[in-house]
Amino acid sequence: MIDIRQATLEDVPEITAIYRDTIRTINSNDYSEKQIQVWSSGADDLQEWKDRIQSTYFLVAEIKNQIVGFSYLINGNHMDGLYIHKDFQRRTIGSKLLRIMESRASVNGFEVLKSDVSITAFDFFDSHYYEVDKKKKKSYKGLAFETFAMYKDL
Ligand SMILES: CC(C)(COP(=O)(O)OP(=O)(O)OC[C@H]1O[C@@H](n2cnc3c(N)ncnc32)[C@H](O)[C@@H]1OP(=O)(O)O)[C@@H](O)C(=O)NCCC(=O)NCCS
């Protein structure tokens, strides 16, 4: 029912729509209005998304040809993004993408998968046996965001 495949440049509109809408509806519970505005505006940096698709291990999850989530891995073992469509939350899509990223990091020769996790996603990673390395303030477009540097031994 859920198909997972590598992203192509044609997916950019769907990917950026999910990114924008998920941040505005799901992450908005945990971050300020200003933070949500700045964070979600990253959807408009189309060239950056194209570069990500071309230079990272970038997967999309589809249900009936609709993209319902995506994730990408940088530097072999750092999951830099995991976003599930606001209308498809808690349907195991995030878990499936995470499992594939863990396998990929292993295949890449790493023993750990790392991610800087939003407050919103903390419980998800915690329930998948990720441990906190440290609390981390990440700067994005000049604004500070509280995140957790988390990791799992593979
Ligand atoms: C975090 C996120 C990726 C999880 O994806 P998902 O597809 O909804 O997660 P799953 O359905 O695979 O979750 C499986 C299990 O993880 C746990 N879990 C997931 N989200 C949870 C939450 N918000 N609170 C508590 N537990 C959670 C639960 O145990 C869940 O099982 P259950 O639904 O039977 O209770 C998704 O909520 C999301 O897109 N969040 C916003 C974007 C974001 O912050 N991404 C991280 C980038 S830093």
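This one's a predicted model, so the numbers in the text were calculated from it and none came from an experiment.
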Test side-chain contact (heavy atoms from CB on, under 4.5 Å) applied to F145 and I119, step by step: CA-CA 9 Å; F145 290 78; I119 299 167; over 6 Å; no
Worked check of side-chain contact (heavy atoms from CB on, under 4.5 Å) between I63 and I93: CA-CA 10 Å; I63 295 178; I93 300 162; 4.2 Å; yes
Apply side-chain hydrogen bond (donor to acceptor under 3.5 Å, both in side chains) to [X] and list each qualifying residue two or more places apart in sequence or on a separate chain.
X    : value
Y83  : W39
N27  : T120
K141 : S41, D45
E48  : R52

Closest non-hydrogen atom pair, [X] against [Y]:
X    : Y    : answer
M79  : S115 : O-OG, 2.8 Å
A105 : L113 : CB-CD1, 4.0 Å
H128 : S95  : NE2-OG, 2.9 Å

ILVMFWY cluster, I18 and L9 together (side-chain gap under 4.5 Å): yes
Same apolar cluster (I L V M F W Y, side chains within < 4.5 Å links), F110/L97: no
Pairing residues for K137 by the salt bridge (Lys or Arg N to Asp or Glu O under 4.0 Å) criterion, not counting sequence neighbours: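 With sequence neighbours excluded, K137 shows a salt bridge (Lys or Arg N to Asp or Glu O under 4.0 Å) to no residue whatsoever.
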Intermediate values then yes/no, side-chain contact (heavy atoms from CB on, under 4.5 Å), I84 and I26: CA-CA 10 Å; I84 305 304; I26 307 296; over 6 Å; no
Give, for atom [atom1] of [X] and atom [atom2] of [Y], the distance between the pair rounded to the nearest 0.5 Å.
X   : Y   : atom1 : atom2 : value
T25 : R20 : OG1   : CZ    : 12.0 Å
Q35 : S28 : CD    : OG    : 11.5 Å
H85 : I67 : NE2   : CD1   : 10.0 Å
I36 : N29 : CD1   : CG    : 8.5 Å

Parallel, tilted or perpendicular: ring planes of Y72 versus F70, cut at 30 and 60 degrees: parallel
Steps toward side-chain contact (heavy atoms from CB on, under 4.5 Å) verdict (Y130, L98): CA-CA 11 Å; Y130 278 71; L98 182 60; 3.5 Å; yes
Side-chain donor or acceptor of T22 paired with backbone N/O of Y19 under 3.5 Å: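 Judged by distance alone, no pair lies under 3.5 Å.
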Flag, side chain of W49 to backbone of P13, donor-acceptor distance under 3.5 Å: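 Not confirmed, W49 side chain does not pair with P13 backbone.
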Reference residue Q6; test side-chain contact (heavy atoms from CB on, under 4.5 Å); the match among D11, I53, L59: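 Of all the options given, the one that passes is L59.
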Please list all pairs meeting salt bridge (Lys or Arg N to Asp or Glu O under 4.0 Å) that have one or both residues in [range], counting only residues at least two apart or in different chains.
range            : answer
residues 103-128 : D116-K136, D116-K138
residues 28-42   : none
residues 73-96   : none
residues 143-154 : E102-K152, K135-E146

Partner residues of A121 under the side-chain contact (heavy atoms from CB on, under 4.5 Å) criterion, sequence neighbours left out: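 For A121 the side-chain contact (heavy atoms from CB on, under 4.5 Å) partners, ignoring immediate neighbours, are V117, S118, F125.
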ILVMFWY clustering at 4.5 Å (side-chain atoms), partners of Y151: V112
Residue pairs involving residues 54-71 (criterion side-chain hydrogen bond (donor to acceptor under 3.5 Å, both in side chains); sequence neighbours excluded):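 As it turns out, the side-chain hydrogen bond (donor to acceptor under 3.5 Å, both in side chains) pairs with a partner in residues 54-71, which skip direct neighbours, are R5-E62.
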